[in-house]
Structures are given as structure tokens and as C-alpha cells.
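By convention in this document, chain letters (A, B, ...) are assigned in the order of the sequence lines, proteins followed by strands, and residues within each chain are numbered from 1. Side chains are part of it too, since the values below use all heavy atoms of this structure and drop only hydrogens, waters and symmetry mates.
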Protein chains: 2
Amino acid sequence: MRKTDQKRQHILDTAYRLFQSQGFANTSMSEITAEAGGSKATVYNYFPSKEELFVECMTNISDQYIDGIFGGLQDFEGELQVALLDTVKYALRVLCSLEMLASKRLLIAEAERSGIGRLFCRKMDGYMGELAAILRRAMDEGQLRQGDPLLAARQLRALLEADIVERCLMGVQTAPPSAVVIARAAEDAVATFLAAYAPCCDADT
Amino acid sequence: MRKTDQKRQHILDTAYRLFQSQGFANTSMSEITAEAGGSKATVYNYFPSKEELFVECMTNISDQYIDGIFGGLQDFEGELQVALLDTVKYALRVLCSLEMLASKRLLIAEAERSGIGRLFCRKMDGYMGELAAILRRAMDEGQLRQGDPLLAARQLRALLEADIVERCLMGVQTAPPSAVVIARAAEDAVATFLAAYAPCCDADT
DNA sequence: TAACAGCGAGACTGTACAGTACGGTATGTA
DNA sequence: TACATACCGTACTGTACAGTCTCGCTGTTA
């Protein structure tokens with residue numbers, strides 16, 4: 001039982017990696033088998049079809065992706081701007097990693113397959129809810145003006161991903177953006193977010 | 001000469017439509033031929049390979065996509081908020097159409113092929129520059145606070161696409177969002193944008 | 001030792017597709 | 001009439017791949 005679980009997981013990991021880097025259509029079961037070691041019969045012993053293997057991989061990818069972004073999410077302490085910037089900078093660094101970009105590309109390309117996209121959005125909504133709860137607290141404490149916290153959370157995310165993620169998705173450059181570029185993008189996002197949600201008249205940073 | 005141009009364009013249009021709705025891998029040259037009428041030999045007479053036919057389609061798609069968003073872009077007249085809202089609402093409606101979503105999905109999925117993604121980004125940059133120029137004028141006139149107009153343009157676009165476009169890309173629903181939902185998203189985006197870039201202390205709308 | 005289960009290796013089947021070959025047709029031009 | 005151009009229809013080739021099957025090895029249990 002132990003050993004077969006390991007085997008299954010190993011196949012899953014290998015498939016995950018190959019799908020992520022090559023896409024669904026360009027990854028063959030033979031390739032997965034060869035890479036994982038063993039034989040096709042064994043792979044088909046664990047997974048009934050390429051489709052089902054793929055869907056299970058995508059569920060994992062979806063988890064990893066979202067956990068990666070707001071994994072370190074927790075109540076902000078101290079100066080709001082500083083805490084926000086830290087969180088956001090970390091998230092953006094993860095978002096711009098080659099692995100996450102490959103995941104997102106795959107998610108979008110194959111979104112319709114077996115409702116993978118819906119799954120992703122539902123999970124993302126969960127995390128957005130958590131971020132919103134934190135922002136609501138900041139609003140109640142007067143660190144931000146009152147407003148719809150869920151909308152604020154989504155707009156913060158939008159400002160963060162603005163431009164830079166699309167540019168990466170479109171493969172403008174092969175390497176992920178430098179730490180400097182990422183930091184700059186995060187600062188711009190936080191500055192604009194705080195300006196929009198400032199409690200009163202200290203819009204500019 | 002006239003006729004061959006028509007024929008070529010007809011093949012291109014057909015391929016465009018099929019690629020857009022089914023993706024690259026799931027569309028065969030035989031299917032394109034059957035749909036367009038005529039024979040494979042004729043298709044191969046105009047396009048040396050599936051790859052090159054695809055790339056030419058993607059160039060068209062890329063054009064259509066970007067033209068569609070800010071096609072009606074022109075200097076804002078009258079009340080800034082009203083003009084901005086009109087422009088942005090129109091753009092979002094286009095962005096959320098099934099055709100544009102299919103285009104974007106395809107662009108992302110096949111971005112690496114023949115530098116299609118880079119082409120898209122370069123064109124998008126052009127339009128962002130135009131929007132930035134308009135915003136700069138609003139800044140100079142005191143309708144917006146001073147700031148980096150290009151950054152402002154990108155953030156406006158980010159706020160606009162926030163959430164709703166991703167949700168569509170992920171195929172959460174098959175039909176495009178209703179006019180009401182789109183209008184609401186546009187209003188939220190403009191409100192937050194104006195709050196962030198307000199010239200002084202009238203943040204809330 | 002014997003029987004068996006799990007697995008590896010890889011041959012095999014059926015299918016789909018990119019791209020080619022070829023024979024025939026319609027239209028226009030000299 | 002003779003020829004050329006552009007096209008159609010379709011059969012064909014070679015390749016790739018999902019999924020199956022067979023065989024042989026190895027470790028385990030009785």
C-alpha cells in the first residue's frame with residue numbers, strides 16, 4: 001500500500017512537470033512513462049486515461065498556484081503600508097516565477113476541460129475572502145476608508161498583476177522579471193491602492 | 001489576381017474562426033479545408049504549413065483584439081468621469097465578448113509560438129501610450145493629480161479587467177456577463193481610479 | 001519449492017492527422 | 001484549337017500517439 005502510493009505520486013509528479021512545461025497535447029503518455037520510469041501498463045494501472053491523469057494534475061497545480069500567492073497571508077501588524085507591501089511583494093514574486101506562469105498558462109488553455117477553471121476560481125474566491133476580511137478589519141480600525149472589502153481585495157490583486165503578469169504570460173521575455181522590477185510593480189500597486197482607499201486626504205506616499 | 005486574394009482571405013477567415021473556437025491542436029487542416037470548401041492542395045497552395053497559416057491568423061486576432069478594446073479611444077470631452085466611464089464600459093463589453101475571450105485564450109496558450117505574444121504586447125503598448133497621452137492631458141488640465149500617465153493607463157486597464165476577465169477566461173460561465181454586471185465592474189474601476197488619481201480631496205464618488 | 005501478484009519492457013492495434021500526388025475540370029487567353 | 005492557370009476531389013504516405021496485450025523478471029507467501 002505504501003509503495004503503490006509512492007509510485008502513484010511519482011507518476012503524478014512527473015506528469016505534472018511535463019504537462020506544465022509542454023501542455024496537454026504536446027505531452028504523450030509514453031513520454032510520461034519514460035520520464036517516470038516503469039511501463040505504460042503501470043501508468044494505466046493507476047490512471048484510467050490521459051484525461052483523468054491530467055485533471056488530477058491540474059487540481060494539484062491549481063492548489064499550488066493559489067496557495068503560492070497568498071500562502072503567507074495573515075493579519076497585518078504595524079504600519080499598514082509596510083505590511084501590505086511585504087505581502088504583495090512576496091505574492092508577485094511567486095506569481096512571476098516560471099512555474100506559476102506555466103501553471104496559469106495551462107489553466108487558461110485547458111480551462112474548459114472537466115471544469116478545471118471553475119475549480120480554480122472557486123479556490124481563488126476563498127483566498128480573496130480571507131484578504132477581504134483583513135482589509136475589512138483595516139477599514140474598521142480606520143486605516144482604510146470604509147468600502148466594499150471584497151471589491152478592494154480584488155482591486156488590490158488587479159493592480160498588483162497589472163501588466164507585468166500579462167507580459168510574462170505572453171512570453172515577452174523568457175526569464176522572470178528581476179527583483180527590482182517586481183519590487184517596483186508592487187510599490188506602484190500599493191501606492192495606488194492606498195491612495196484610492198486612504199481614510200482621508202493623505203493620498204500620495 | 002482578384003479571385004486568388006478572395007480565396008486566400010476566405011481560407012484565412014475560416015481557419016481563424018476554427019482556431020479561435022477549438023485551439024491549434026484540435027483543428028485539423030482537413031477540417032479547415034472542408035469548412036472553407038475546396039481542397040487541401042489549394043490550402044497548401046496559399047499557406048506552406050499549418051504553422052504559418054496559424055501565425056497569420058494570430059496576427060489578425062491580435063489586431064482585432066486590441067483594436068476592439070480601445071478602438072473608440074479619443075480625447076475625453078466634458079466631465080472626465082462620464083467620458084471615462086463611457087470609454088471603459090465599451091471596452092469591457094468588447095473584452096467580455098465570447099470572440100475576444102477565445103482570442104485571448106488562444107493568444108496565451110500559443111504565446112510562445114513564433115513570437116505571437118511579443119507581437120501582441122507591442123501592439124498593446126502602442127494603445128496604452130495613446131491612453132496615457134490622454135490621461136496626461138487630463139493631469140495637465142488639473143482634472144487628475146500629476147503622476148506617471150503610462151502607469152495610470154496600465155492601472156486603469158488593470159482595474160477594469162480585474163476579476164471579471166479572469167473569471168471569463170477560466171470558463172466559469174459559458175455566456176458573457178450581462179450588461180448590468182459589466183456596467184457595475186466599469187463603475188467600480190472608474191470610481192477607484194478617480195479616487196486614486198483625484199487632484200485633491202474628493203476621493204469618494 | 002511452487003504458486004502468485006506486481007511490475008518492467010516493449011511490441012502491437014487502431015486511429016488521426018500533416019502533407020503530397022495525381023487525375024480531372026472550369027475559365028480565360030492567343 | 002491549344003495552352004495555361006487555378007481549382008477540385010480524393011487517395012495515399014509517413015508519423016505519432018492512446019490504449020492494450022504479451023512475456024518475462026522478481027519478490028513474497030505458504
*Asks:* CD of Gln6(B) versus C1' of dC7(D): gap in Å, rounded?
*Replies:* 14 Å
*Asks:* Please tabulate, one pair per line, all N/O donor-acceptor pairs under 3.5 Å involving side-chain atoms of residues 59-66 of chain B, not counting sequence neighbours.
*Replies:*
{"unit_1": "Thr59(B)", "atom_1": "OG1", "unit_2": "Val55(B)", "atom_2": "O", "d": "2.9"}
{"unit_1": "Asp63(B)", "atom_1": "OD1", "unit_2": "Lys123(B)", "atom_2": "NZ", "d": "2.2"}
{"unit_1": "Gln64(B)", "atom_1": "OE1", "unit_2": "Tyr16(B)", "atom_2": "OH", "d": "2.9"}

*Asks:* Could you give the CD1-to-P distance, from Ile32(A) to dA18(D), as a whole number of Å?
*Replies:* 8 Å
*Asks:* Base, backbone or nothing for each nucleotide of nucleotides 8-22 of chain C, written B, S, -, heavy atoms under 4.0 angstrom, 5' to 3'?
*Replies:* BB-------SBBBB-
*Asks:* For residues 24-32 of chain B, which side-chain N or O atoms pair as donor and acceptor with protein atoms under 3.5 Å away, sequence neighbours left out?
*Replies:*
{"unit_1": "Thr27(B)", "atom_1": "OG1", "unit_2": "Leu18(B)", "atom_2": "O", "d": "3.4"}
{"unit_1": "Thr27(B)", "atom_1": "OG1", "unit_2": "Gln22(B)", "atom_2": "OE1", "d": "3.2"}
{"unit_1": "Thr27(B)", "atom_1": "OG1", "unit_2": "Gly23(B)", "atom_2": "O", "d": "2.8"}
{"unit_1": "Ser28(B)", "atom_1": "OG", "unit_2": "Glu31(B)", "atom_2": "N", "d": "3.1"}
{"unit_1": "Ser30(B)", "atom_1": "OG", "unit_2": "Lys40(B)", "atom_2": "NZ", "d": "3.4"}
{"unit_1": "Glu31(B)", "atom_1": "OE2", "unit_2": "Gln22(B)", "atom_2": "NE2", "d": "3.1"}

*Asks:* Listing request: all salt bridge (Lys or Arg N to Asp or Glu O under 4.0 Å) pairs with a residue in residues 154-163 of chain A, at least two apart in sequence or in separate chains.
*Replies:* Lys104(A)-Glu161(A), Asp125(A)-Arg154(A), Arg154(A)-Asp163(B), Arg157(A)-Glu161(A), Arg157(A)-Glu166(B), Asp163(A)-Arg167(A), Asp163(A)-Arg154(B)
*Asks:* Could you tell me whether Arg136(B) and Asp140(B) have a side-chain N and a carboxylate O separated by less than 4.0 Å?
*Replies:* no
*Asks:* Rounded to whole Å, please give me the gap between OH in Tyr46(B) and P in dT5(D).
*Replies:* 14 Å
*Asks:* Using atom CZ of Arg8(A) as one end and atom P of dG6(C) as the other, report the distance to the nearest whole Å.
*Replies:* 16 Å
*Asks:* Quick one: list whatever passes ring pair (Phe, Tyr, Trp, His ring centres under 6.0 Å) with Tyr197(A), sequence neighbours left out.
*Replies:* Phe193(A)
*Asks:* Any side-chain N or O of Asn45(A) under 4.0 Å from OP1/OP2 of dG6(C)?
*Replies:* no
*Asks:* Test: salt bridge (Lys or Arg N to Asp or Glu O under 4.0 Å). Region: residues 14-24 of chain B. Which pairs qualify, not counting sequence neighbours?
*Replies:* Arg17(B)-Glu35(B)
